[in-house]
Protein chains: 2
Amino acid sequence: MNINISDEHCPLRRTLEIIGGKWTMLIIFQINERTIRYGELKRCIVGISEKMLISQLKFLCDKGFVHKKSFAEIPPKVEYTLTDIGKELLPVINQLIQFGLNHKF
Amino acid sequence: MNINISDEHCPLRRTLEIIGGKWTMLIIFQINERTIRYGELKRCIVGISEKMLISQLKFLCDKGFVHKKSFAEIPPKVEYTLTDIGKELLPVINQLIQFGLNHKF
DNA sequence: ACAAGTACCTACCAAAAGGTAGGGTACTTA
DNA sequence: TAAGTACCCTACCTTTTGGTAGGTACTTGT
């Protein structure tokens with residue numbers, strides 16, 4: 001791959017605009033291959049606020065990385081899964097994790 | 001890899017704290033395998049301000065991802081290269097680029 | 001003489017991101 | 001009756017991030 005000038009259309013920038021947020025990759029990784037409810041997700045990601053989790057989940061749904069299934073029950077029940085496109089990010093995230101495991105900065 | 005609860009010590013968070021910035025991966029990718037001067041780097045990354053480029057380069061040097069070589073010349077000449085650790089990030093970045101090429105969101 | 005290139009630095013300010021704290025609903029459990 | 005669960009929403013405020021505009025020092029080209 002040869003190195004082009006990085007302008008606003010370069011694929012790296014476009015990707016980072018989507019998944020460059022503080023919580024995005026964390027959320028995608030925690031959903032992973034499973035079906036997970038909102039509440040469990042929140043407990044898995046220590047320190048995230050409800051506002052951030054909700055807004056990021058909505059964002060990821062809009063972008064087609066996450067699928068949301070609401071059940072018309074009381075108390076409410078909502079399940080999240082990764083779409084096929086979302087799952088494509090898992091290998092990248094695993095590499096980042098591996099990098100973190102290999103190095104202490 | 002089983003999914004642990006993501007707290008402040010999880011390797012993904014630690015990695016993202018380093019390379020999660022707006023410009024970090026762009027800079028690392030542009031340096032790539034080459035030896036590049038400050039000015040050329042700036043021209044390659046369209047839209048970055050001098051302040052950001054300088055501060056991020058310093059940060060990446062401090063963390064050991066980038067090596068800096070200054071020449072005692074007039075006009076000044078400074079060359080940047082990736083360290084071995086920095087180069088370990090290139091495959092991850094290439095995957096992100098590939099992802100960006102495959103999808104238009 | 002003066003602008004431009006070269007690699008920075010600093011102070012100040014604007015924008016974006018994220019956190020806090022409150023609200024709401026409808027049901028269950030103590 | 002009160003508290004707790006579950007999944008949100010909104011307004012407000014703080015923190016972080018990044019941009020702008022100025023400066024340095026020295027040299028070369030016009």
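Proteins come first, then strands; the chains are lettered A, B, ... in the order of their sequence lines, and each starts at number 1.
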Please round to the nearest 0.5 Å and tell me the distance separating atom OG1 of B:T83 and atom NE2 of B:H67. 9.5 Å
Could you say whether B:E50 or A:M52 is positioned toward the 5' end of DNA chain C, judged by the nucleotide with the nearest heavy atom to each? B:E50
Rounded to whole Å, how long is the line connecting atom NZ of A:K77 with atom P of D:dC8? 13 Å
Would you say the side chain of A:L16 lies within less than 4.5 Å of the side chain of B:M25, judging by non-hydrogen atoms? yes
Closest to the B:S49 side chain: C:dC8, D:dC8, D:dG19? D:dG19
Looking only at the side chain of A:K22 (C-beta and beyond, no hydrogens), which of the listed nucleotides D:dG19, C:dG19, C:dC8 gets closest? C:dG19
Rounded to whole Å, CD of A:E73 lies from P of D:dC8 at a distance of 13 Å
Give the nucleotide from the list D:dC8, D:dG19, C:dC9 with an atom nearest to the side chain of B:K51. D:dG19
To the nearest Å, how far apart are B:L53 CG and D:dT17 C1'? 16 Å
Whole Å only: how far is the CD atom of B:E79 from the C1' atom of C:dT6? 14 Å
Write down the distance between CD1 (B:I27) and P (D:dT17), rounded to a whole number of angstrom. 14 Å
Just how far is it from atom CG of B:L96 to atom CZ of A:R13, taken to the nearest 0.5 Å? 14.5 Å
Which nucleotide, D:dG19, C:dC8, D:dC7, lies nearest any side-chain atom of A:V78? D:dC7
Does any non-hydrogen side-chain atom of B:F65 lie less than 4.5 Å from one of B:T24? no
Distance check: side-chain N/O of B:Y80 vs OP1/OP2 of C:dC8, anything under 4.0 Å? yes
Just the rounded figure in Å: distance from P of D:dT24 to CD1 of B:I54. 18 Å
Please report the distance, rounded to the nearest Å, between CD1 in A:I45 and P in C:dG19. 12 Å
Find the distance A:I48:CD1 to D:dC8:P and express it as a whole number of Å. 13 Å
Under the 3.5 angstrom rule, does the side chain of A:N32 hit a backbone N or O of A:F29 as a donor-acceptor pair? yes
For the residue pair A:K68 and A:Y80, would you count it as a cation-pi contact if the rule is NZ or CZ under 6.0 angstrom from the ring centre and within 45 degrees of the ring axis? no
Sorted by number, the residues of residues 35-43 of chain B with heavy-atom contact under 4.0 Å to DNA chain C: B:R37, B:Y38, B:G39, B:R43
Taking it one step at a time, do A:V92 and A:I19 satisfy side chain to side chain contact (heavy atoms under 4.5 Å, CB included)? CA-CA 11 Å; A:V92 195; A:I19 55 152; over 6 Å; no
